[in-house]
Amino acid sequence: MDKITVTSPLLPDLDEFHELLKDIWDRKWITNNGTLHRQLEQELASYLKVPYISLFTNGTLPLITALQALHITGEVITTPYSFVATTHSIWWNGARPVFVDIDPATGNIDPDKIESAITPQTSAIMPVHVYGKPCDVKRIKEIADRYNLRVIYDAAHAFGVEQDGKSILEWGDLSTLSFHATKVYNTIEGGAMVMHDAEMKQRIDYLKNFGFAGETEVVGPGINSKMDEIRAAYGLLNLRQVDSAIAARRAIAEKYADAIRDIPGISTFPYMAAMGTADEDHSLRHNFAYFPIFVDEAQYGMSRDELYFKMKEHDVLGRRYFYPLISSFSTYRSLPSAHPANLPNATRLADTVICLPIYHDLTDEQVMRVIDLIRK
Ligand code: T4K
């Protein structure tokens with residue numbers, strides 16, 4: 001039987017890609033703010049409804065650069081329920097991550113728990129719109145404004161997500177995206193940072209190019225994180241098909257939500273369960289980047305890991321995103337905030353989650369195979 005992986009990349013048409021490659025070959029300009037790089041920045045800003053965007057070579061370097069650009073030091077409040085790159089970016093800046101528990105209804109940082117984690121050393125909050133679900137951005141802004149903190153959103157999962165017709169990327173001082181192969185929208189490897197003004201865009205463009213401002217001046221210790229023309233070409237073509245990919249993902253999410261409603265001990269987040277029903281929140285334009293389910297061993301009669309390995313035996317390769325928690329990795333586990341007693345919701349979600357396969361060309365038959373396995 002064919003293997004069903006958790007995701008599969010959205011690929012551009014090969015002939016169209018070849019056409020763009022020929023243009024690149026003719027121009028002989030293959031990286032460093034080329035024609036297609038500039039075009040992709042323009043088209044993405046328009047698609048995402050944001051004023052300024054700067055492309056990067058992956059989704060980790062914009063996180064690191066965002067903290068650098070805002071001169072973040074001391075402590076940064078963040079979530080343990082994410083991919084390890086989120087916390088690593090704080091470490092790379094010599095700042096100290098402070099983990100705060102999550103809201104079990106969304107998987108996002110719980111605003112009610114942020115305030116008590118603030119100390120005189122706190123300089124920023126780095127939340128994650130996990131699985132693409134927007135954080136409680138208004139509450140986070142209120143808290144940040146009250147304590148004069150910066151907010152950097154790791155929006156790696158939130159490509160195209162909108163709340164009330166407005167991009168979720170507009171919130172916070174800066175937001176970052178990942179365009180990795182496993183994401184809803186990909187440029188193979190790639191990423192971006194979204195900012196509010198031209199001055200910040202200029203600064204970020206310097207910092208991602210070693211800090212160079214012109215030929216002879218270096219304004220800061222920048223990094224090399226530029227996207228090349230070949231991946232920009234690939235990204236331009238993928239942008240044309242991302243809406244239909246999201247629509248296909250939605251149809252699959254609705255099938256999963258429908259099926260698990262009748263399976264005792266298997267659940268998903270309420271917002272996800274409501275997709276396609278009368279309870280759906282239509283103010284949210286979601287991207288269906290992931291479909292997490294949670295296994296209640298007592299009710300389901302099998303632990304999360306038993307189901308996970310059973311699925312694997314049958315070539316259904318869901319993934320336990322995000323297990324283990326970032327706070328439990330050796331680099332971070334000795335931090336006082338990393339103690340599991342401080343993070344009960346995150347610990348429970350990490351111990352019970354499986355992300356089901358979801359991608360644009362997963363067939364009905366494959367979706368049924370996944371559902372049947374969980375049902376049995
Ligand atoms: N912040 C957050 C919240 C993130 O989730 C991430 C990345 C980042 C920051 C950092 O962004 P980047 O620097 O990565 O742009 C994956 C991705 O590597 C990573 O991008 C992603 N988050 C994370 C959640 O997942 P793995 O190790 O699980 O990927 P891998 O290689 O096991 O692939 C998963 C499945 O995808 C495969 O079983 C099959 C399919 N696949 C994968 C690749 C790479 C393909 O079909 N083709 C492919 O080329 O980490």
Side-chain angles (χ1 to χ4, degrees), residues 2-12 54-67 76 78-92 97 99 102 106-109 126-135 152-159 161 168-169 172 174-194 208 223-227 231 234-235 238 245 249 287 289-292 308 311-312 315-327 329 346 349-350 353-362 366 370:
D2 60 317
K3 280 196 193 328
I4 307 180
T5 48
V6 69
T7 188
S8 178
L10 183 65
L11 293 166
S54 182
L55 290 174
F56 275 74
T57 197
N58 58 46
T60 302
L61 284 162
L63 282 168
I64 294 175
T65 305
L67 291 162
V76 178
T78 190
T79 168
Y81 193 73
S82 179
F83 189 61
V84 71
T86 312
T87 310
H88 279 352
S89 70
I90 300 169
W91 186 93
W92 275 104
F99 297 109
I102 56 171
T106 62
N108 288 329
I109 196 165
M126 183 178 268
V128 178
H129 303 296
V130 81
Y131 307 132
K133 166 75 177 162
C135 291
I152 298 118
Y153 279 105
D154 180 342
H157 303 169
F159 185 89
V161 172
I168 202 66
L169 304 169
L174 295 166
S175 287
T176 66
L177 290 158
S178 164
F179 302 153
H180 182 259
T182 54
K183 297 294 189 287
V184 169
Y185 169 80
N186 85 88
T187 58
I188 306 177
E189 293 275 354
M193 193 189 309
V194 168
K208 77 176 185 193
I223 193 102
N224 179 4
S225 185
K226 295 169 268 110
M227 183 183 281
R231 285 187 289 154
Y234 179 106
N238 260 354
R249 284 170 172 274
N287 64 6
Y290 297 85
F291 194 97
Y308 172 72
M311 286 166 67
K312 230 179 183 175
D315 288 331
V316 173
L317 310 178
R319 290 293 291 266
R320 291 168 292 181
Y321 298 133
F322 288 98
Y323 166 85
L325 285 181
I326 302 175
S327 47
F329 291 127
L349 259 55
V353 71
I354 301 178
C355 285
L356 299 183
I358 188 163
Y359 49 90
H360 60 289
D361 55 1
L362 193 65
Q366 289 173 313
V370 177

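Heavy-atom basis, side chains included; hydrogens, waters and symmetry copies ignored. One-based numbering, in listed order, for ligands and for the atoms of each.
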Tell me: protein heavy atom nearest [atom], and distance?
| atom | value |
| --- | --- |
| atom 27 (O) of ligand 1 | R319 NH2, 3.9 Å |
| atom 35 (C) of ligand 1 | V6 CG1, 3.8 Å |
| atom 33 (O) of ligand 1 | T182 CG2, 3.7 Å |
| atom 49 (O) of ligand 1 | A181 CB, 4.0 Å |
| atom 46 (O) of ligand 1 | P9 CD, 3.2 Å |
| atom 25 (O) of ligand 1 | Y321 OH, 3.6 Å |
| atom 44 (C) of ligand 1 | H180 CE1, 4.0 Å |
| atom 6 (C) of ligand 1 | F83 CD2, 3.3 Å |

Atom indices of ligand 1, in the order listed, that fall short of 4.0 Å to a heavy atom of [X]:
| X | result |
| --- | --- |
| A85 | 8 (C), 9 (C), 10 (C) |
| S178 | 11 (O), 12 (P), 15 (O) |
| A156 | 1 (N), 2 (C), 3 (C), 4 (C), 9 (C) |

4.0 Å heavy-atom contact, [X] with ligand 1:
| X | result |
| --- | --- |
| S82 | yes |
| D154 | yes |
| K183 | yes |

Could you report the tightest heavy-atom contact between [X] and [Y], atom names first, then the distance?
| X | Y | result |
| --- | --- | --- |
| A66 | I152 | CB-CG2, 3.9 Å |
| I168 | A158 | CG2-CB, 4.0 Å |
| P357 | L362 | O-CD2, 3.4 Å |
| S82 | D154 | OG-OD2, 4.4 Å |
| K208 | K226 | O-CG, 3.6 Å |
| P127 | I109 | CB-CG2, 3.8 Å |

Aromatic rings F179 and F159: how do their planes relate, parallel, tilted or perpendicular, breaks at 30° and 60°?
perpendicular
Which of L10, L11, T7 passes side chain to side chain contact (heavy atoms under 4.5 Å, CB included) with N186? It is L10
Please tell me if atom 31 (O) of ligand 1 is touched by the protein, where touching means a protein heavy-atom distance below 4.0 Å.
no
Heavy-atom distances under 4.0 Å are what count here, so tell me which part of [X] touches ligand 1: side chain, backbone, both or neither.
| X | answer |
| --- | --- |
| F179 | neither |
| T7 | both |
| H157 | side chain |

Among Y131, Y321, Y323, side-chain hydrogen bond (donor to acceptor under 3.5 Å, both in side chains) partner for Y81
Y131
Quick one: does any side-chain atom of T79 pair with a main-chain N or O of N108 as donor and acceptor, under 3.5 Å?
no
Nearest 0.5 angstrom please: I223 CD1 to L61 CG, how far?
6.0 Å
Who's closest to atom 12 (P) of ligand 1 heavy-atom-wise, of G318, G59, A192, C355?
G59
Side chains of F56 and T65 in contact at under 4.5 Å (non-hydrogen atoms)
yes
For T60, is at least one N or O under 3.5 Å away from an N or O on ligand 1?
yes
